[in-house]
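In what follows, every chain begins at residue 1, and chains take the letters A, B, ... in the order their sequences are listed.
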Number of protein chains: 2
Amino acid sequence: MSIEANVPVAAVDWGTSHLRIWLLDMSGAVLAERRSDEGLLTTGPDGFSAVLERHLLDMGAPAATPAIICGMAGSRQGWIEAPYVTVPAQLSDVLARAIPVPGAQRDIRIVPGMAQRSADAPDVMRGEETQLAGIADLLAAGRHVVCMPGTHSKWVDVEDGTVAGFGTWLTGELFSVLSKQSILRHAVGDPVAAVSASNKTFRHWLEQALASPGDMTSRLFKIRASTLLLDLTPQDAAAALSGLLIGTEIGSAGAQFGWKEGEIALVASGPLSDLYGAALGIAGYRVRPIDAETAVRAGLLVAARQNFGPRETRKVQA
Amino acid sequence: MSIEANVPVAAVDWGTSHLRIWLLDMSGAVLAERRSDEGLLTTGPDGFSAVLERHLLDMGAPAATPAIICGMAGSRQGWIEAPYVTVPAQLSDVLARAIPVPGAQRDIRIVPGMAQRSADAPDVMRGEETQLAGIADLLAAGRHVVCMPGTHSKWVDVEDGTVAGFGTWLTGELFSVLSKQSILRHAVGDPVAAVSASNKTFRHWLEQALASPGDMTSRLFKIRASTLLLDLTPQDAAAALSGLLIGTEIGSAGAQFGWKEGEIALVASGPLSDLYGAALGIAGYRVRPIDAETAVRAGLLVAARQNFGPRETRKVQA
């Protein structure tokens, strides 16, 4: 069964700690929107259906509205496992391989993540593939390096519309666990305001890390020592930690990708976009900023068209 | 007042999470010994005296027995702050600057830590200076690089008996917080047996990290990905994390010190000594193993002689 252009689709980004649902028509117009913190961590295996149906009811979605989902809901710990597509993979192919959720009262499909099945550089992503598909037009011809910062920052190497390889940097998670759980909690304090890209301490530690990303684990302790010996304030300690971790990520990724200058497509939103935009500029790159939320919504629309559109016969398992 | 050779001294290593007390005679012979987990974290500011007196009573120490203390008991959060000695500093000078604990019922002195007061590389140590003083004879002539692994690993550059500089790597603490508090807890599991130096996974990740210490934060996620894609076991995930962190430390320290080959004095005990001994060997160094506990006891004896010995007039504050 194909769906008509005026029948809405539920586009769902279901991550580890967040849930975003948009009711879209097939032209991409947003009819309704919901955001919640009912991510994978707070939604048990039996709860996905109940959570989704409650939000769709609230949003006034018709009963037959199909739903397309990306993110950690498709992981082994999620609703149903959507097997990874192995790279290299053409961006235009990945989302068409969404798998149906069996036994659901509507057509619900979860798109696959991507896996790099290399013995030396194994890696996985879930959710970012949909953002990439949403900006596939920008990545069509030539080589593009994409930076997608976050808890687990992804850097992606795209050549002529094909994901050639990617890597993950644990930057956001390191900032969180080190500032809350390590000796650095005495330096950073709690809570702190968001780190600003214009902070001079952020810039100083960023530049040091860009110059020698291999010294990160010794520089971490120097944040603590700066509190003891140089009266570093908690706000500046947070800026130092952020600059150190982001600089280490950019220095390491640039070297791994052999991409020391030129353009970086930065897929991010809000304060993280400002921070990485400034950092990549300091590192010498030209930055092409792309809003992460717009990208994922565009990718989910691509997935909806590929999976529910006229070319596709809708199969619902018994 | 000087003390006689046959009067014992209490030699105390009081760290963040441990307390060790030896009753020594002035020749260094161990008359009694106590170990406890009453470190800085579990001993409040008012508790230091009570904890020490209870142990000394248990050990049968005479009432006039003086006590010499090193470690975090001398920090701002400790019993009384013993100001840092600034490097460069002659090892033979540092411990003579112990400061008395006022109002105590016996002569109790705490040795200073050392500080590197450099705007670009601020650093501090407390406890390791005493281990270094305990092996000063081995470090007397020429240049020596000393590796002192642990929660906060110290690397120390000693030239002709003078501490020229040092650095700290957060290796042990990173292993702990990442294996317990981060996404890697799913890979490493809990509890795991100690990592063995003969584990092939340890060696593989160590060699990768030695080759490019700047990629640590991306390799961290590859441990998680190896669990998902390559069936890495929890035991091997712990070995991978250990190899990655230790290799990053050695690669970074070797580069910072400009010391890529030659001898390293390894001051460590137990399993950590085996692990770092193997790792330094793989990195191409000749390893001179030195037992950390023997070193700290020897250093405390040096401090006792310098502070309570015949050359020194004992001053007790009113």
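Contact tally against chain A (heavy-atom pairs below 4.5 Å) for B:I183, B:L174, B:T16: the top residue is B:I183. No other option in B:G251, B:A121, B:A115, B:G167 has as many heavy-atom pairs under 4.5 Å with chain A as B:A121. Chosen from A:M216, A:R76, A:E173, the residue pairing most often with chain B at heavy-atom distances under 4.5 Å is A:E173. Taking B:P122, B:S176, B:A255, B:A253 one by one and counting their heavy-atom pairs under 4.5 Å with chain A, the maximum is reached by B:P122. The candidate with the highest count of non-hydrogen atom pairs below 4.5 Å against chain A, out of B:V177, B:L184, B:T171, B:D215, is B:D215. Per-residue counts of heavy-atom pairs under 4.5 Å with chain A were compared for B:A225, B:S218, B:S252; the largest is that of B:S218.
To the nearest 0.5 angstrom, A:L40 atom CG is 11.0 Å from A:H18 atom NE2. Between atom NZ of residue B:K180 and atom CD of residue A:Q181 there is a gap of 10.5 Å, rounded to the nearest 0.5 Å. Note that CH2 of A:W205 is 12.0 Å distant from CG of A:N199, once rounded to the nearest 0.5 Å. The distance from the OH atom of A:Y84 to the CG atom of B:L229 is 6.5 Å, given to the nearest 0.5 Å. How far CE of A:M148 is from CG of A:L272: 12.0 Å, rounded to the nearest 0.5 Å. Distance check, rounded to the nearest 0.5 Å: OG of A:S179 to CZ of A:R185 gives 11.0 Å.
You'll find the side chain of B:V94 reaches within 4.5 Å of the side chain of B:P112, heavy atoms only. Side-chain contact check for A:L206 versus A:I282: some heavy-atom pair is nearer than 4.5 Å. Between B:Y285 and B:I250, the closest side-chain pair of non-hydrogen atoms falls below 4.5 Å. The shortest side-chain heavy-atom distance between B:W259 and B:I264 falls under the 4.5 Å cut-off.
Scanning residues 150-159 of chain A against chain B with a 4.5 Å heavy-atom cutoff picks out A:H152, A:K154, ordered by number. Using non-hydrogen atoms only and a strict 4.5 Å limit, the part of residues 236-249 of chain A facing chain B consists of A:T248.
Neither the backbone nor the side chain of A:I223 comes within contact range of chain B; no heavy atoms are under 4.5 Å apart. Contact of B:Q256 with chain A is made through the side chain alone, with heavy-atom distances under 4.5 Å. Proximity to chain B involves both the backbone and the side chain of A:V124, based on heavy atoms less than 4.5 angstrom apart. Heavy atoms closer than 4.5 Å to chain B are found in both the backbone and the side chain of A:L170. Heavy atoms of A:L230 lying under 4.5 Å from chain B belong exclusively to its side chain.
Sorted by first then second residue, the side-chain hydrogen bond (donor to acceptor under 3.5 Å, both in side chains) pairs that include residues 115-129 of chain B, not counting sequence neighbours, are A:K222-B:D123, B:T86-B:R117, B:D123-B:T168. Residue pairs meeting the side-chain hydrogen bond (donor to acceptor under 3.5 Å, both in side chains) criterion with at least one member in residues 223-234 of chain B, sequence neighbours excluded, do not occur.
Scanning both residues, A:L178 and A:S182, for their nearest heavy atoms gives O-OG, 2.7 Å.
Formation of a donor-acceptor pair under 3.5 Å by the B:W14 side chain with backbone atoms of B:E38 is found in this model.
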After noting the C-alpha distance and the side-chain angles of A:Q131 and A:C70, does the key distance pass the side chain to side chain contact (heavy atoms under 4.5 Å, CB included) rule? CA-CA 10 Å; A:Q131 296 180 320; A:C70 73; over 6 Å; no

